[in-house]
Participant: 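Quick one: this structure, given as structure tokens, is what I'll be asking you about.
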Protein chains: 2
Amino acid sequence: MTGPDAKKSPTLRDVARAAGVSRTTVSNAFNRPDQLSGAARDRILDIARGLGYHGPNPMARKLRTGRIGAIGVVFGDTLPYAFSDHAAILFLHGVGRACEAAGCSLLIIPTTDQGAAQTTVREALVDGFIVYTTPSEDVVSQVFDRNLPVVTVDRSGVPGVTAVRVDDRAGARSIAEHVIDHGHRRLAIIVPRLSAMGEHSGFVDRARRAAISYAVCADRIGGYLDAAAAAGLDPLTIPIDERPDNHEDAGRAAALNLLSLDPQPTAILAMTDRMALGALRAAREMGLRVPEDVSIAGFDDLPAAAEAAPPLTTVRQPLVEKGEQAAELLFGTRRHTGLHIIETELVVRRSTSPLSAQQSAMPLAGD
Amino acid sequence: MTGPDAKKSPTLRDVARAAGVSRTTVSNAFNRPDQLSGAARDRILDIARGLGYHGPNPMARKLRTGRIGAIGVVFGDTLPYAFSDHAAILFLHGVGRACEAAGCSLLIIPTTDQGAAQTTVREALVDGFIVYTTPSEDVVSQVFDRNLPVVTVDRSGVPGVTAVRVDDRAGARSIAEHVIDHGHRRLAIIVPRLSAMGEHSGFVDRARRAAISYAVCADRIGGYLDAAAAAGLDPLTIPIDERPDNHEDAGRAAALNLLSLDPQPTAILAMTDRMALGALRAAREMGLRVPEDVSIAGFDDLPAAAEAAPPLTTVRQPLVEKGEQAAELLFGTRRHTGLHIIETELVVRRSTSPLSAQQSAMPLAGD
DNA sequence: AGGGGTGTCTTGATCGGTCAAGAAACAATC
DNA sequence: GATTGTTTCTTGACCGATCAAGACACCCCT
């Protein structure tokens, strides 16, 4: 990517020389019209144009003046993934709103290539960072090393760092309670990748349940199991299926696996709407009706959840507001407290229903 | 947004002084480990840490070294809008893919506030720009003024500027032909804002048809009308309804307007899928069946088009690839030619069908 | 005539680094 | 012992601007 002008472009000094004035005067011609006579200004601007000088180099200028005017969002996943995940996009939407209000641009920093990510973060030209989801710890510590303002989102807190969290545990509990209140006892859970280390597909065993490294996963599963325990169910008997990615296809595969258990679960709690949508598809493929044969619940309340067939019962988290708040905390627009917790809301639609007589006729696991 | 360290942070010079070495040596300790003894390096790094020095200031460093490592995408709309428009997101997805490959970050530059946009563009720390959709001409010329590499997307070409265009005209013609081949003669067209100047809602009169400032609009409408003319229809008799925004709601309003014409159109060509989806809703609300009572076609082939009820006949443009190509052209990965034209593909689904006997029984406009 | 004010422009320092060239110390080679 | 080479570190210029302070001319006023 070489500039249209391969020959290096002229500087303030060149213009000054050509115009027979000092650099400062040229600088003023561009930035402080009141500091020189109109005639001189016009002449200088003309000469600059003639020389192919396109205004003060922003980097040099900002080095001197300080503020950069952009904030960085660090994604755990690849950039393409970020742009294909609706939750991420809604989050960015919110961040964008706050940026706009603050007159700030938005730098999206990919961190796929572990090696490159280090230097990308190290050299990012930003006034602060938002760390979204789960970049590797290396990258996160690199971010902290920059010693710029940071807001983390959906990550377990680090002392001294402003964090935005959703009350995932309460949200998960509420939707599990909803299902349990409807009489369901044979629950099953679908989750995306639980730990930064190791990729796993299939049932989650005890060891892996104990080694969850992502805060969101830990909290949501915790919430589900809290509700189960409160209802007298043994958490360890509730099957959890993990898939490496948060995708429709992954949710489908997990649901196919869970729904072929005997006895079949009567309610599936998917940790994300994306996976829940895949689970809906799996049920359809197996000839099961939702919610008559199996209730399916999601989490997030993506726009697609309301439009699914049937519309998805889920837990709403205000994704746009989450992004907006994170950015506002970074800008200092919003009062700084260590931890910002965002509440969720249970959204009951039609993918869940009370346990039917037919369903309850089947043997209860563990009986 | 003040840094955690309000007292200004130490510089290379401070570290050098504390360590009793020169600035260059400290610089080398960070960037060129082979240029000094391991012992000295460790000692310097230790001292730096002790002083709260967090690595070389990226701005100063880049001022010296040149390359910034980010490209800017300039949006015509507000940032939040960009993140709510699927076409834009898919485009960004593609850009992100290319950025990732090039080890580059992505700066998203909002241009809502006309005044601020000028300086935002002027000061954006990027190595090049992608101009997407239709920022105001002021902003575009500001971008050109930076004299950095630029690729424009979906805009009519400017001499010397690499442009990515979709063959909108051919795509529009193909879908109009598809509908005409199915026997439809009473066509109607739905379009978003046609011109940067003036906001208009409702039928587009002759004067406004002649004053379209957005290249995409001009081409798509041109394609529709080409097909109509080729089939012996008078383009001027085909009603065009314009709405200021490319939104479902806008499409709905336009369709409601068009479908209350007498005689009623039998086929609606919406210039975007978003508007087509709104038109589907309008038809449903009016108790019209699609496609039995009215055929509706879109443009873009967003993911939602395939999932609509009924699935939308549309023109597919490869949005992700468009973004990727634009970025690759900017990086120089792809061979530079002035104009890159991307082909479209007609995707026939179920929202269009042959004219029914009942439909053709109605009087033909102009007979 | 001298003091104060204003408008226009210049000087030299500075922002925080990197880079090319060279110096000092020491070892290896002929 | 002179030459060459390495390793390690320093110097001064430079990247392209901004900024504080001051110089100079000009006008107004008493």
Participant: Compare all side-chain heavy atoms of A/P58 with those of B/R146 and state whether any distance is below 4.5 angstrom.
Facilitator: yes

Participant: What I'd like to find out is whether the side chain of A/L12 reaches to under 4.5 Å of the side chain of A/Y53, using heavy atoms alone.
Facilitator: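 Sidechains of A/Y53 and A/L12: in contact.
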
Participant: On a heavy-atom basis, which atom in A/L125 and which in A/L107 lie closest, and how many Å separate them?
Facilitator: N-CD2, 4.3 Å

Participant: Within the 4.0 Å limit for protein heavy atoms, which parts of nucleotides 22-27 of chain C are touched? Write it as a string from 5' to 3', B for base, S for sugar-phosphate only, - for none.
Facilitator: ------

Participant: Could you check how far CZ of A/R23 sits from P of D/dC19, rounded to whole Å?
Facilitator: 13 Å

Participant: Among C/dT18, D/dA17, D/dC19, which nucleotide sits nearest the side chain of A/R61?
Facilitator: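 Of C/dT18, D/dA17, D/dC19, D/dA17 is nearest to the side chain of A/R61.
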
Participant: Expressed as a whole number of angstroms, how long is the span from B/R67:CZ to C/dT18:C1'?
Facilitator: 17 Å

Participant: What is the distance, to the nearest angstrom, from the CG atom on A/L63 to the C1' atom on D/dC15?
Facilitator: 9 Å

Participant: Could I get the full list of side chain to side chain contact (heavy atoms under 4.5 Å, CB included) partners for A/T11, not counting sequence neighbours?
Facilitator: A/R13, A/D14

Participant: What is the distance, rounded to the nearest whole Å, between atom CZ of A/F30 and atom C1' of D/dG16?
Facilitator: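 One finds 13 Å between C1' of D/dG16 and CZ of A/F30, rounded.
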
Participant: Without decimals, in angstroms, what is the distance between B/K62 NZ and C/dG17 P?
Facilitator: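 After rounding, the gap between these two atoms is 14 Å.
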
Participant: Taking the side chain as C-beta and beyond, is there a heavy-atom pair between A/S105 and B/E123 under 4.5 Å?
Facilitator: no

Participant: Can you measure B/I68 atom CD1 to D/dG16 atom P for me and round it to whole angstrom units?
Facilitator: 12 Å

Participant: Between B/L92 and B/L106, is any pair of side-chain heavy atoms under 4.5 Å apart?
Facilitator: yes

Participant: What I'd like to find out is whether the side chain of A/L36 reaches to under 4.5 Å of the side chain of A/I44, using heavy atoms alone.
Facilitator: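 In short, these two side chains touch, coming nearer than 4.5 Å.
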
Participant: How would you list, by chain and number, every residue that makes a salt bridge (charged side-chain N to carboxylate O under 4.0 Å, His left out) with A/D42, sequence neighbours excluded?
Facilitator: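 Scan of A/D42 (salt bridge (charged side-chain N to carboxylate O under 4.0 Å, His left out), adjacent residues dropped) gives none.
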
Participant: Taking atom C1' of D/dT18 as reference, at what distance in whole Å does atom CE of A/M59 sit?
Facilitator: 16 Å

Participant: Quick check on C/dC15: is either OP1 or OP2 less than 4.0 Å from any side-chain nitrogen or oxygen of B/N57?
Facilitator: no

Participant: Would you call B/P149 and B/F331 a side-chain contact if the rule is heavy atoms closer than 4.5 Å?
Facilitator: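 Not touching, per the 4.5 Å side-chain cut-off.
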
Participant: Are any protein N/O atoms closer than 3.5 Å to N/O atoms in nucleotides 6-9 of chain D? If there are, list each pair with its distance.
Facilitator:
from	atom 1	to	atom 2	distance (Å)
D/dC9	OP2	B/S37	N	3.2

Participant: Using whole Å, report how far CZ of B/R64 lies from P of D/dG16.
Facilitator: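 Computing the B/R64:CZ to D/dG16:P distance gives 9 Å.
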
Participant: Looking at B/D46 and B/R43, is there a salt bridge between them, counting it only when a charged N and a carboxylate O are closer than 4.0 Å?
Facilitator: no

Participant: Using rotation axes that map the C1' atoms of four end pairs onto the next four (five pairs an end), what angle separates the end axes of the helix from C/dA1-D/dT30 to C/dC30-D/dG1, to 10°?
Facilitator: 50°

Participant: Pick out the pairs of N or O atoms, protein on one side and nucleotides 20-26 of chain D on the other, that lie under 3.5 Å.
Facilitator:
none

Participant: Measure the shortest side-chain to side-chain distance between A/L45 and A/F30 over non-hydrogen atoms and say whether it is less than 4.5 angstrom.
Facilitator: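 Result yes, sub-4.5 Å side-chain heavy-atom pair found.
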
Participant: Give a yes/no answer on whether the side chain of A/R13 brings an N or O atom under 4.0 Å of OP1 or OP2 in D/dC14.
Facilitator: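 Negative; the distance criterion is not met.
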
Participant: Over all heavy atoms of both residues, which pair between B/G72 and B/V126 is shortest? Give the atoms and the distance, please.
Facilitator: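 Between these two residues, the closest heavy atoms are N-CG1, 3.5 Å.
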
Participant: So do B/H340 and B/V151 actually touch side chain to side chain, heavy atoms under 4.5 Å?
Facilitator: no

Participant: Is A/R155 paired with A/E137 through a side-chain N to carboxylate O contact shorter than 4.0 Å?
Facilitator: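 Yes, charged N to carboxylate O under 4.0 Å.
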
